[in-house]
Amino acid sequence: MTPQDTLKRLFETTISELFDVQTDVTFEQPKDRSHGDLACTVAFSLAKPLKQAPRSIAEALVAGLPGNEVIASADVAGGGFINITLAKAQIFDVVPTILNDFDTFKRPNTGNGAKILLEFVSVNPTGQMHIGHARGAASGDTLARILTQCQYDVLTEYYVNDAGNQMANLAKSLVARYHQALGIQADFPEDGYHGADIKALGEKIAQEAGDRYLNDPDILTIFREIGLTALLDGIKHDLGRADVQFDSFYHETTLYKDGHVEDVLARLKASGYTYTKDGALFLKTSEKGDEKDRVLIKSSGDYTYILPDIAYHEQKLKRGYPTLIDILGTDHHGYIARLKASLEILGYEASQLEVLLIQLVRVIRDGEEVKMSKRSGNTLALSDLLDDVGKDPIRYFFAARSLNTHMDLDLNLAEKQRNENPVYYVQYAHARISSLLNKASLLGVEPTAKITRETLNLDILTPLLNHLRHYPDVLSKAAKTREIHKVPNYLHELATLFHRWYGEEKLITEDRAASLERVHVLTAIQRVLANGLTLIGVDAPDVM
RNA sequence: GUUCCGGUAGCUCAGAGGAUAGAGCAACGGCCUUCUAAGCCGUCGGUCGGGGGUUCGAAUCCCUCCCGGAACGCCA
């Protein structure tokens, strides 16, 4: 039980006894240190129902609190704030908690095993990953790690669109490049992919296979397969370099092979929510909140993209994941309502699908926006960004901003500021602690099971220890609200508090008793830093 | 025109009912014969896009307007 839990119970019981009302008491961390370790505003919210001034309620409440071991002092301030100073033992308690059982400390049971299937990236395998994809990749992977640590049962999945038109265009583009590489005049398809990677792949095939495929009637099928494999491998390689992990790659083609698409189509028809108009089959999504009805089967007889997508999402639910999270770019926002409507028609709840929209990143180079498109071949490869800037700054950069933020990525600035990225500030704190622990070790000071606080200057350390104590709360909130940027922000603040402490006193000295106590605190800080950095996919170096 | 986002310090962004709105970068001034100066301390910097409203209290909630981004297809 944390001091906060104890306080909450204490307050709620006292309020119930004094005023005969039930209320949910929360505490906040005051910005100003002179306002104590925790602040409570419950007196304000009680003022109206009790028809009393908040100040007098607060005073009565403080006076009525029973004796306890948690509170050192509780004062009424301003119009009715209750500022609480915790007992020193309570503040320090976080250190032994972390050292004795960090595994429990870092894993708040927010999810309680709830199963979530998180889909992200899902870039069409028609080219290499570009910078625009990096945000989704970093955000999704970080969210998965946070959710998992908060005891959600998460499956991360990449949906491979390997059945649609784009793959046909990819095959045609490859054939054209192959022909050109063999010196044969070939027209490039209208919707083809002009990327240099596609060109290189066509040349590679020509080099390795010569003219073997030239008159093969199945050349499109073969090249489609070669292209898919090569490009997907490339994508997986880039993801690996960015430390983005997937549990599963789900291929659109399996939806057709296993009959899921036909099955869903049959059930949609049977639902009574379909009708034929102008030779096309429509689904009445407008009756479930969509702007208008959507076409499932074109008058040409081809399926639209949405049909396999409905089948895919239902498939995810059927695999035993009652909650689905999709991370999509905002350019897909119009797509949410129709998908939710479709799932409702199939008998599911719209709320089972949660879509996190990430704002598209605008890339600026030399003061101008760089427009990217795989068709035109004008892309900035993620692999180049990884080469130039490095994994850690990229991951931190994307993890540190709320998904809703419209971001500009200035390439000139990114390179110039390679060494000014906040990620190094946090990593430096970790490395500095390693160095201190090394020094202590050389002096023969090693962590022990007995954790004391005789010599520690708690005046200096209190903000740091308070902040440490809130780590599980931060994780829990980040998991619940899917606001991953709270973690990097927390880590930055923790690093600041540590660097400040480092500047204020010499930590490892000839005084072995004092050094040992500081070693314990340092170890606790370092564990949280290392764990937090892992969550955002950033390395925690011992030396910088 | 409709829908979804955003507008907070010169720049990049936190803060999302609480006390005097914060951090990084940039600018300026201090701090290394001492544990890593990728650090610390200080200064400068704001009509929280504008205007109404709700509230004891609004950057935060509601309404409205302005500006910017995205989407509105029998493309995916």
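Each chain gets a letter, A, B and so on, in the order its sequence line appears, and its residues count up from 1. These numbers come from the heavy atoms of this one structure, side chains and all, not from hydrogens, waters or symmetry mates.
Between the base of B/C74 and the side chain of A/Ser299 there is a donor-acceptor pair shorter than 3.5 Å.
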Checklist entry - Tell me, for nucleotides 15-23 of chain B in 5' to 3' order, what letter each nucleotide earns: B for a base near a protein heavy atom under 4.0 Å, S for only sugar-phosphate near one, - for neither? => result S--BBB--S

Checklist entry - What one-letter contact string describes nucleotides 65-71 of chain B from 5' to 3', where B marks a base within less than 4.0 Å of any protein heavy atom, S marks contact via sugar-phosphate atoms alone, and - marks no contact? => result ---BBBS

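A search for ring-ring contact (aromatic ring centres under 6.0 Å, His included) contacts involving A/His313 returns nothing, not counting sequence neighbours. The side-chain hydrogen bond (donor to acceptor under 3.5 Å, both in side chains) check on A/Tyr490 picks up nothing, with sequence neighbours excluded. Partners of A/Glu446 according to the side-chain hydrogen bond (donor to acceptor under 3.5 Å, both in side chains) rule, which considers only residues two or more places apart in sequence or in another chain, are A/Ser441. Shown here are the side-chain hydrogen bond (donor to acceptor under 3.5 Å, both in side chains) partners of A/His251, two or more places apart in sequence or in another chain: A/Asp162. Under the ring-ring contact (aromatic ring centres under 6.0 Å, His included) criterion, A/Tyr250 pairs with A/Tyr312, not counting sequence neighbours. Under the ring-ring contact (aromatic ring centres under 6.0 Å, His included) criterion, A/Phe81 pairs with A/Phe44, sequence neighbours left out. A search for ring-ring contact (aromatic ring centres under 6.0 Å, His included) contacts involving A/His194 returns A/Phe188, not counting sequence neighbours.
With no hydrogens or angles considered, a side-chain donor-acceptor pair links A/Asp37 and A/Asn466 at under 3.5 Å.
Pairing analysis of RNA chain B (Watson-Crick: purine N1 to pyrimidine N3 plus N6-O4 or O6-N4; G-U wobble: N1-O2 and O6-N3; both under 3.5 Å) yields stems of 3 or more pairs at B:1-7 with B:66-72, B:10-13 with B:22-25, B:27-31 with B:39-43, B:49-53 with B:61-65.
Within the structure, side-chain hydrogen bond (donor to acceptor under 3.5 Å, both in side chains) pairs that include any residue of residues 352-364 of chain A comprise A/Glu354-A/Arg482, A/Gln359-A/His406, A/Arg362-A/Asp408 (at least two apart or interchain). Pairs engaging residues 274-306 of chain A under the ring pair (Phe, Tyr, Trp, His ring centres under 6.0 Å) rule: A/Tyr275-A/Phe282 [sequence neighbours left out].
Comparing the P positions of B/A59 and B/G52 gives a spacing of 14 Å, expressed to the nearest Å.
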